[in-house]
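Notes follow the structure.
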Amino acid sequence: MADKQFKSLFDIIGPVMIGPSSSHTAGAVRIGNMARHIFKELPDSVNIYLFESFAETYKGHGTNLALLGGLLGMSPDDERIQDAMLLANEKGIDYKFIPLADKVEHPNTARFVMRKGNKKMSVTGVSIGGGNAQITQIDDYDLVIQNGVSTIVTYHKDVPGVIAKVSVLLNEYNINIASMKLWRKQRGKDASMVIEVDQVPDDFDVNLLLRCEHMKHIIYVQGDDHGFD
Amino acid sequence: MDSIKALIEAAKDYESLAECAIDYEVQNSGMTKEQVLNKMKYQLDTMKRTVDQGVNGVRSKTGLTGMDAKKLHEYINTKDTLCDTTILNAVQNAIATNEVNAAMGLICATPTAGSAGVVPGVLTSLHERFNMSEKEQLDFLFVSAIFGYIIANNASISGAMGGCQAEIGSASAMASAACVCYRGGTPEMAAHALAITIKNLLGLVCDPVAGLVEVPCVKRNALGASLALVSADMALAGIKSKIDPDEVIETMYRVGQQMDASLKETGQGGLATTPSGLKYTEEIFGGNREGL
């Protein structure tokens with residue numbers, strides 16, 4: 001069992017959360033939360049596509065409120081989740097919930113398509129049970145970002161030395177790499193790394209990684225999210 | 001901690017299974033022991049607040065559930081009940097928790113929100129009966145947690161993935177094992193209680209009416225709590241599961257895989273598609289499920 005889905009006893013006794021469903025409510029909040037971190041700011045507009053079980057039952061479980069609440073920065077125990085639409089309206093966010101009949105890999109799947117000005121990004125997440133969530137796709141990249149685990153995602157050009165430069169920089173800040181996965185679309189073209197890290201010092205600015213040659217974009221999702229317990 | 005067998009082996013180096021679980025979390029998370037204990041204390045305090053709230057009476061927005069914990073409370077206190085009050089208080093407190101959950105109140109998922117009533121229900125009932133110390137209550141939760149952790153990583157705790165057996169089954173199994181340890185049983189006995197419980201909830205479908213965590217979830221937590229106590233007594237009496245506990249967990253995984261999607265939290269099978277279930281769906285959502 002090299003790859004445990006559940007990492008902490010508090011994934012089992014916890015989270016402390018607003019009901020009624022850990023996978024449809026709390027997990028959905030965390031998907032929204034991670035989408036916000038990945039987009040880095042509040043979008044002007046967002047289409048939230050819902051698949052399978054999410055598409056069937058989202059209204060009764062408050063999944064829509066939870067996804068939107070998460071996007072607004074709420075945590076799973078935030079009593080304002082019920083008012084998420086109201087708060088989104090106040091902030092002038094144009095949101096739509098769109099249930100789809102498509103079959104996907106995980107039954108509890110949501111895809112955020114966020115826009116702000118010319119910036120557009122698609123983030124897909126799944127709620128894996130017990131209030132835990134993973135991001136499984138950003139734009140066209142398949143990857144896995146677990147909620148609660150600090151994760152750095154790089155987008156760079158597939159040339160020799162990039163991985164070494166990133167590791168050297170992380171080493172300078174005494175950041176321990178827990179796991180690292182690498183993708184590339186095509187040799188010499190776009191590539192991406194997903195790096196799970198243990199501890200990140202407060203003064204570390206993840207954008208320092210942009211100084212590495214051939215680095216195009218960095219995403220950082222902080223672990224241990226938002227005082228959920 | 002990959003299996004029940006590995007857990008029992010690891011526990012030999014500790015004073016108790018609970019201490020083994022606490023140390024595992026300390027090693028795994030990088031938190032100090034004090035932080036781990038404080039975090040669990042917060043979960044425990046939340047559980048107790050939720051139970052109190054539910055016993056006082058809550059209603060869900062849909063009106064499908066609510067006020068039954070209060071009803072049972074009055075019954076226990078005024079009538080000559082069939083079951084003993086340890087079981088009935090566990091049932092009452094499990095219902096209370098899930099009624100608060102259905103009403104979008106604050107709960108502690110154990111292991112999920114839909115199954116949040118079983119472990120706190122059983123624990124608060126034992127506390128009322130035996131006046132447990134805070135350490136004993138926290139130990140109860142750590143033992144529940146470590147067994148749930150093994151189930152979660154080898155089978156599932158998600159109704160959408162494994163059916164209700166993965167939720168109420170896991171929760172009840174966790175509570176059974178914790179009861180056994182609290183009452184002085186060995187880790188092996190706790191594992192047998194866990195196995196006996198899962199065996200009796202194996203194949204339990206997740207068929208929420210109108211797709212909501214209300215019917216039949218609230219009452220299944222109630223019965224899961226009673227089953228946890230009965231299995232624990234059986235194991236404490238020395239009764240063993242003839243099927244190895246790890247194999248029972250593996251079976252739960254396999255059965256979950258074999259179950260049709262309509263029986264896994266889609267609201268498209270089981271009780272959800274009975275005439276009564278469809279009538280509630282229609283009342284709550286209208287023909288096109290718009291509303292609420």
Side-chain angles (χ1 to χ4, degrees), chain A residues 1-27 52-66 76-79 81-82 99 103 106-109 126-132 148 176 198-199 223-224 227-229, chain B residues 2-3 21 24-25 28-30 36 39-40 42-43 46 60 62 98 100-114 116 119 141-142 144-146 148-149 152-154 156-161 166 174 208 210-214 261 264-268 284-285 289-292:
Chain A
M1 208 170 54
D3 202 17
K4 286 191 179 76
Q5 268 205 313
F6 296 86
K7 307 210 185 265
S8 163
L9 299 191
F10 295 107
D11 294 339
I12 308 298
I13 306 292
V16 169
M17 54 166 278
I18 298 292
S21 167
S22 41
S23 50
H24 289 73
T25 317
E52 298 202 28
S53 178
F54 268 13
E56 287 295 328
T57 67
Y58 69 100
K59 281 190 174 161
H61 287 125
T63 307
N64 46 354
L65 301 173
D77 64 353
D78 195 318
E79 306 205 15
I81 287 170
Q82 298 204 35
K103 285 276 163 208
H106 194 284
N108 296 327
T109 300
V126 296
S127 175
I128 59 168
N132 298 288
N176 188 39
D198 282 343
Q199 77 302 329
D224 252 337
F228 55 85
D229 34 11
Chain B
D2 293 354
S3 63
Y24 183 73
E25 183 65 17
N28 223 13
S29 67
V36 168
K39 194 163 174 177
M40 194 60 96
Y42 176 67
Q43 320 293 74
T46 304
S60 71
T62 63
N98 287 85
V100 170
N101 181 59
M104 283 191 93
L106 194 69
I107 56 107
C108 178
T110 48
T112 65
V119 171
L141 292 179
F142 280 111
S144 298
I146 194 79
Y149 179 83
N153 280 317
N154 287 285
S156 174
I157 53 167
S158 151
M161 294 294 280
M174 288 157 55
L212 305 173
V213 189
E214 299 200 49
K264 293 192 279 191
E265 213 178 338
T266 52
Q268 294 174 332
I284 294 165
F285 289 111
R289 289 195 151 190
E290 294 298 317
L292 267 201

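Sequence lines set the chain letters: A, B, ... in the order given, protein chains first and strands last, and positions in each chain run from 1.
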Indicate the atoms forming the closest heavy-atom contact of [X] with [Y], along with that distance.
X         : Y         : result
Val16(A)  : Tyr42(B)  : CG2-CE2, 3.7 Å
Pro20(A)  : Asn101(B) : O-ND2, 2.6 Å
Ala21(B)  : Leu9(A)   : O-CD1, 3.5 Å
Ala152(B) : Phe6(A)   : CB-CD1, 3.5 Å
Met104(B) : Gly19(A)  : CG-O, 3.4 Å

What residue, out of [options], has the most heavy-atom pairs lying under 4.5 Å from chain A?
options                                    : value
Gly148(B), Ala116(B), Gly105(B)            : Gly105(B)
Ser158(B), Gly30(B), Pro111(B)             : Pro111(B)
Ala102(B), Ala103(B), Cys108(B), Gly159(B) : Cys108(B)
Leu141(B), Thr112(B), Asn98(B), Val100(B)  : Thr112(B)

Please rank Gly27(A), Ala26(A), Pro107(A) by heavy-atom pairs under 4.5 Å with chain B and give me the top one.
Pro107(A)
Heavy-atom pairs under 4.5 Å with chain B, option from Ser53(A), Ser21(A), Ser127(A) with the top count
Ser21(A)
Segment of [X] engaging chain A (4.5 angstrom heavy-atom cut-off):
X         : result
Thr46(B)  : side chain
Val36(B)  : both
Glu214(B) : neither
Ala166(B) : neither

Heavy-atom side-chain contact between [X] and [Y] under 4.5 Å:
X         : Y         : answer
Ile128(A) : Met161(B) : no
Ile12(A)  : Met174(B) : yes
Glu265(B) : Glu56(A)  : no
Met17(A)  : Leu106(B) : no

How about CD on Gln199(A), more than 12 heavy atoms from neighbouring residues, nucleotides or ligands closer than 6.0 Å, or not?
yes
Quick one: what part of Ser23(A) sits under 4.5 Å from any heavy atom of chain B, side chain, backbone, both or neither?
side chain
Engaged part of Asp11(A) at the chain B interface, taking heavy atoms whose separation is under 4.5 Å:
backbone
How long is the straight-line distance from CD1 of Ile13(A) back to NZ of Lys39(B), given to the nearest 0.5 Å?
12.0 Å
Quick one: pull up CG in Asn154(B) and CD in Gln5(A) and give me the separation to the nearest 0.5 Å.
11.0 Å
Quick check: does any side chain N or O of His61(A) sit under 3.5 Å from a backbone N or O of Gly211(B), one acting as donor and the other as acceptor?
yes
Check: Asn28(B) side chain, Lys7(A) main-chain N or O, donor-acceptor pair, under 3.5 Å:
yes
